[in-house]
There are 2 protein chains.
Amino acid sequence: MKNRIRELRKSAGLSQEEVAKLCKVSRQTINAIENDKYDPTLQLAFNMATVLDTTVDELFINK
Amino acid sequence: MKNRIRELRKSAGLSQEEVAKLCKVSRQTINAIENDKYDPTLQLAFNMATVLDTTVDELFINK
DNA sequence: TTAAAATGTAAAAAGTATTTGACATTTAAT
DNA sequence: ATTAAATGTCAAATACTTTTTACATTTTAA
């Protein structure tokens with residue numbers, strides 16, 4: 001599963017830590033997901049999409 | 001997290017077991033998710049959306 | 001109304017996500 | 001060049017998802 005987190009996060013001018021706080025998870029979690037270490041839970045995927053002003057289907061690329 | 005699985009599954013004329021096979025998970029997993037026992041992994045959410053001919057954002061209701 | 005199919009449920013085990021704390025490396029700004 | 005901020009990474013612990021096996025209940029259809 002690929003994603004467009006970095007791209008959209010930078011567009012929004014947010015650091016990994018800021019996204020983490022807004023999503024109420026740790027910075028390491030955001031970092032790991034952004035770098036494809038593992039997939040987020042569905043709930044976190046929705047939270048990230050909301051924070052990055054997009055949808056789950058646009059934020060994550062199912063391949 | 002609510003979902004529209006039952007609704008879309010019935011529309012597609014599929015049983016839980018058929019959806020399970022198409023998603024390559026157990027019938028019990030589909031049953032549990034459909035009944036809000038827990039959320040699927042993001043990967044499974046995408047697989048279910050594909051099988052039910054919809055999107056993750058339409059299939060699951062983030063509340 | 002009986003049989004078959006579908007659905008609901010439970011417990012234990014295995015697999016996966018997340019946290020915390022810590023430290024290293026890279027990037028950005030001064 | 002130096003500092004601060006941001007990012008990358010690791011290991012151990014905790015929490016959550018999924019599987020398997022098994023059985024009970026409900027629904028569907030003959």
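Below, chains carry the letters A, B, ... as their sequence lines are ordered, and counting in each starts from 1.
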>> Once you apply a heavy-atom cut-off of 4.0 Å, does B:Thr41 come out as touching a base, just sugar-phosphate, or nothing?
In response: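 Counting heavy atoms under 4.0 Å across all strands, the contact made by B:Thr41 is with sugar-phosphate only.
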
> Under 4.0 angstrom, heavy atoms only, what part of the nucleic acid is A:Ser15 near: base, sugar-phosphate, or nothing?
Replying inline: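 Contact class for A:Ser15: sugar-phosphate only.
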
>> If you assign each of B:Pro40 and A:Ala32 to its closest nucleotide in DNA chain D, which residue comes earlier from the 5' end?
In response: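 The residue mapped nearer the 5' terminus is A:Ala32.
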
Would you mind telling me which of [options] lies closest to the side-chain atoms of [X]?
| X | options | answer |
| --- | --- | --- |
| B:Ser26 | D:dC23, C:dC23, D:dT19 | D:dT19 |
| B:Val25 | D:dC23, D:dT19, C:dT18 | D:dT19 |
| A:Gln16 | C:dT18, D:dT19, D:dG8 | D:dG8 |

> If you round to the nearest 0.5 Å, how far is CG of A:Leu42 from CE of B:Met1?
Replying inline: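 With rounding to 0.5 Å, CE (B:Met1) is 4.0 Å from CG (A:Leu42).
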
Output yes when at least one side-chain N/O atom of [X] is less than 4.0 Å from OP1 or OP2 of [N], else no.
| X | N | answer |
| --- | --- | --- |
| B:Asn31 | C:dT7 | no |
| A:Asn35 | D:dT7 | no |
| B:Arg6 | C:dA6 | no |
| A:Thr29 | C:dT19 | yes |

> Does a sphere of radius 6.0 Å around CG in B:Asp53 hold more than 12 heavy atoms from other residues, nucleotides or ligands, not counting ones at 6.0 Å or beyond?
Replying inline: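 No - once you tally the heavy atoms of other residues, nucleotides and ligands closer than 6.0 Å, there are 12 at most.
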
>> Do B:Gln43 and A:Asp39 pair up side chain to side chain, a donor and an acceptor below 3.5 Å, judged on atom types alone?
In response: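 Note: B:Gln43 and A:Asp39 side chains miss the donor-acceptor criterion.
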
Test your reading of the model: is there a side-chain donor-acceptor pair from [X] to the backbone of [Y], 3.5 Å cut-off?
| X | Y | answer |
| --- | --- | --- |
| B:Glu18 | B:Ser15 | yes |
| A:Asn3 | A:Leu59 | no |
| A:Thr29 | A:Val25 | no |

>> I want to check something: taking the side chain as every heavy atom from C-beta on, are B:Met48 and B:Glu34 in contact at a cut-off of under 4.5 Å?
In response: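 Sidechains of B:Glu34 and B:Met48: no contact.
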
> With distance as the sole criterion, do the side chain of B:Gln28 and the base of D:dT17 form a donor-acceptor contact below 3.5 Å?
Replying inline: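 When only heavy-atom distances are counted, B:Gln28 does not reach the base of D:dT17 through any donor-acceptor pair under 3.5 Å.
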
> Which residue lies toward the 5' end of DNA chain C, B:Arg9 or A:Asp39, if each is placed at its nearest nucleotide?
Replying inline: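 Upstream on the strand: B:Arg9.
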
> To the nearest Å, how far apart are B:Glu18 CD and C:dT7 C1'?
Replying inline: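 The answer, rounded to whole Å, is 13 Å.
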
If you restrict it to nitrogen or oxygen atoms, what contacts under 3.5 Å exist between nucleotides 25-30 of chain D and the protein, and what is each distance?
none

